[in-house]
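Numbering of ligands and ligand atoms starts at 1, following listing order.
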Amino acid sequence: MVFEAPVKDLMFNIAHIAKMAETPEEATCDLDVAAAVLAEFGRFCAEEIAPLNAVGDRIGARFENGHVATPPGFRDAYAKFVAMGWQGLQHPETYGGQGMPRAVGAAATEIINAANMSFALCPLLTDGAIDALLTFGSPDMKQTYLAKLVSGTWTGTMNLTEPQAGSDLGLLRTRAEPDPDGTCRITGTKIYITYGEHDLAENIIHLVLARTPDAPKGVRGISLFLVPKFLVDSNGKPGPRNAVRCQSIEHKLGVRASPTTILEFEGATGFLIGRENAGLEYMFTMMNAARFAVGVQGVAIGERAYQLALSHAKGRLQGRPVDGSAREAVAIIHHPDVRRMLARMRALTEGGRAMVAFAAGWQDLAHHAGTPEERADALAIAEFLVPLVKGFCSEMSIEITSAGIQIYGGMGFVEETGAAQHYRDARILPIYEGTTGIQANDLVGRKTLRDAGATAGRIAAMIALTEQDLRRGSPAAQDIAVRLSQSRTAFQSVVDHLVRNGTQDVNAAYAGAVPYLMLSGNLVAGWQLARSVIAAEAALARGEDPAFMSAKIATALFYAHHILIDTELQRVRVIDGAPSLLGATF
Ligand SMILES: Cc1cc2nc3c(=O)[nH]c(=O)nc-3n(C[C@H](O)[C@H](O)[C@H](O)COP(=O)(O)OP(=O)(O)OC[C@H]3O[C@@H](n4cnc5c(N)ncnc54)[C@H](O)[C@@H]3O)c2cc1C
């Protein structure tokens with residue numbers, strides 16, 4: 001099965017859904033340039049990275065004597081990825097990057113993850129390390145590490161998890177003891193560290209959460225350290241090996257080519273990033289970027305599974321049509337139920353993709369809007385959207401990839417077709433970078449209750465404006481306006497309910513957290529598809545690409561009728577569901 005990057009749809013979103021038009025000119029890029037870059041990246045990923053997906057799954061990363069070997073082909077492909085400068089796509093030109101907007105960066109992240117999620121995890125973690133150093137690194141650190149990370153010559157990792165500290169980072173124990181030379185000795189065990197050891201790059205830059213000796217208990221006593229695998233000499237070259245060692249790698253359900261390592265820090269030299277005890281705040285910057293990227297992975301794996309299922313549905317002959325229009329077996333794509341599954345896969349994927357573009361646009365605005373107030377306003381929206389992108393898109397990727405197996409029938413359950421790999425690979429997405437439960441808690445606590453529903457209210461007001469625009473459109477647009485309005489009302493009533501009762505009956509509020517998250521993600525994805533309808537109808541009126549624009553409208557209509565309507569059930573779960581949930585006995 002050949003993978004084809006969905007560049008046309010990605011560009012539609014960049015042009016119409018991301019807020020590029022509102023971002024100051026110097027922080028955006030020309031649409032033709034973005035299209036050319038994504039087309040070239042799509043070609044590279046389809047030809048060089050996608051063919052390694054199945055072999056990577058079959059062979060997996062291997063561990064021998066402290067070394068990790070990636071599957072055959074990964075080293076060559078990574079060398080080409082670096083040589084072509086792809087790691088630097090969205091990073092500043094000062095450090096050798098191409099300075100593309102986030103909206104374009106997110107599109108590229110989708111493409112490489114659709115091609116091969118295990119491979120793409122390495123650049124994804126490097127992106128996170130670059131973001132953290134750009135924001136909080138000292139001038140010296142930036143000078144020493146950023147150009148190498150931006151080029152991809154060195155890679156980055158994120159070291160949070162320990163055996164006793166998963167979702168609850170307040171429990172972490174890794175120690176950082178100051179040395180007279182201003183560095184620290186880092187000692188402790190980190191588990192599940194993605195690409196913590198590998199053979200793709202000449203150095204690995206670990207960002208590690210640890211506690212200094214007199215640090216306060218809990219999350220207020222965590223500091224962030226940079227710990228290179230090889231200490232870097234005064235010429236910027238990797239020198240002696242640091243005291244960090246890979247103890248083993250995990251055997252996993254999916255993403256088997258991505259080494260998930262257990263790292264032992266045995267008095268390793270670490271360099272404090274920013275202020276002592278401010279590590280969690282810094283890590284949040286990195287986590288927000290990584291959480292967003294995991295949502296993008298959900299869209300990516302959905303696209304890959306959809307392409308595979310579609311090709312099978314067109315080729316597999318089985319069953320006569322229910323309307324009697326043929327006497328022989330037809331391709332299964334003619335059966336209404338197979339169409340239902342394909343349409344659902346497509347609508348969830350395109351809805352998620354549009355939400356990603358929208359969120360990336362707000363991230364660009366949060367960095368580049370003209371005034372501090374505008375930047376703060378944009379940041380509030382961008383941060384509200386992070387748990388939606390992460391939680392909704394990752395949960396939906398399980399449904400989409402499962403439907404991909406269903407469309408294959410028995411052959412979907414058999415490994416050779418590749419459908420099963422997508423399902424297995426997708427299963428990690430609602431777990432790492434904060435489980436869905438943790439995303440939902442974040443949405444309720446930090447994103448909704450903390451500002452008494454103000455940001456949620458701004459989003460609802462923007463949706464109401466879209467409804468007005470839709471009412472001036474075609475019958476399909478007007479139909480979508482009705483569904484969107486019902487969903488927005490459900491969202492508003494849930495937000496009001498949480499703000500009114502959330503601080504008095506905390507358990508009840510958090511009992512509804514995941515349904516609230518899924519309601520919000522569903523609504524925002526459906527809203528972006530509704531905005532797509534407005535853009536597509538305008539394009540149709542200009543005679544632009546009728547097949548693509550009509551398909552976009554059809555997908556949005558399907559979404560409104562089959563997916564957006566679930567928001568009503570989700571509303572009931574939040575508002576009426578807490579007592580029975582909390583009353584359940586185990
Ligand atoms: C393949 C893979 C790659 C990973 N890569 C990295 C990496 O690069 N760096 C890194 O630091 N970590 C990494 N992780 C770790 C990952 O982020 C954690 O597994 C994840 O945060 C969950 O922690 P846990 O496994 O300890 O589960 P737990 O925290 O034990 O959670 C178990 C269950 O309890 C629920 N739960 C826990 N606390 C709460 C709460 N307060 N409210 C509601 N529900 C709650 C969770 O939602 C979950 O359902 C990786 C994990 C895997 C499997």
Need the ligand 1 atom indices (1-based, order shown) with element for anything under 4.0 Å from a heavy-atom of [X].
{"X": "Glu433", "answer": "17 (O)"}
{"X": "Met158", "answer": "7 (C), 8 (O), 9 (N), 10 (C), 11 (O)"}
{"X": "Ile431", "answer": "20 (C)"}
{"X": "Ile428", "answer": "1 (C), 2 (C), 52 (C), 53 (C)"}
{"X": "Asn441", "answer": "40 (C), 41 (N), 42 (N), 43 (C)"}

Look up [atom] and tell me if a protein heavy atom lies less than 4.0 Å from it?
{"atom": "atom 49 (O) of ligand 1", "result": "no"}
{"atom": "atom 32 (C) of ligand 1", "result": "no"}
{"atom": "atom 38 (N) of ligand 1", "result": "yes"}
{"atom": "atom 35 (C) of ligand 1", "result": "no"}
{"atom": "atom 20 (C) of ligand 1", "result": "yes"}
{"atom": "atom 44 (N) of ligand 1", "result": "no"}

- Query: Less than 3.5 Å between some nitrogen or oxygen of Ile191 and one of ligand 1, yes or no?
  - Reply: no
- Report yes if some N/O of Thr194 lies less than 3.5 Å from some N/O of ligand 1; otherwise report no. yes
- Message: So for atom CD, which belongs to Gln504, do other residues, nucleotides or ligands contribute more than 12 heavy atoms lying within a distance under 6.0 Å?
- Response: yes
- Message: Tell me whether Arg211 at atom CZ has more than 12 heavy atoms from other residues, nucleotides or ligands lying less than 6.0 Å away.
- Response: yes
For [atom], what is the closest protein heavy atom, and at what distance to 0.1 Å?
{"atom": "atom 29 (O) of ligand 1", "result": "Ser167 OG, 2.6 Å"}
{"atom": "atom 7 (C) of ligand 1", "result": "Tyr192 O, 3.2 Å"}
{"atom": "atom 26 (O) of ligand 1", "result": "Gly166 CA, 3.1 Å"}

- Compare all side-chain heavy atoms of Phe265 with those of Val227 and state whether any distance is below 4.5 angstrom. yes
Basic-acidic side-chain contact under 4.0 Å: [X], [Y]:
{"X": "Asp131", "Y": "Arg102", "value": "yes"}
{"X": "Arg275", "Y": "Glu281", "value": "yes"}
{"X": "Glu433", "Y": "Lys390", "value": "no"}

Counting only heavy atoms, which portion of [X] has something under 4.0 Å from ligand 1: side chain, backbone, both, or neither?
{"X": "Thr260", "result": "side chain"}
{"X": "Thr435", "result": "side chain"}
{"X": "Lys190", "result": "neither"}
{"X": "Ile438", "result": "side chain"}
{"X": "Thr161", "result": "both"}

- Is it true that the NZ or CZ of Arg446 lies under 6.0 Å from the centre of Phe284's six-membered ring and within 45 degrees of the ring axis? yes
- Rounded to the nearest 0.5 Å, how far apart are CG of Asn522 and CD of Gln570? 5.5 Å
- Task: For the residue pair Phe81 and Phe41, categorise the inter-ring angle as parallel (less than 30°), tilted (30 to 60°) or perpendicular (more than 60°).
- Result: tilted
- Hey, what's the ring geometry for Tyr78 with Phe119, parallel, tilted or perpendicular (30° and 60° as the breaks)? tilted
- Go through the side-chain N and O atoms of Glu197 and Thr261 and say whether any donor and acceptor fall under 3.5 Å apart. no
- Item | Distance-only side-chain donor-acceptor flag, Glu162 / Thr174, under 3.5 Å | yes
- What's the shortest heavy-atom distance between Ala419 and Leu308, and which atoms? N-CD2, 3.5 Å
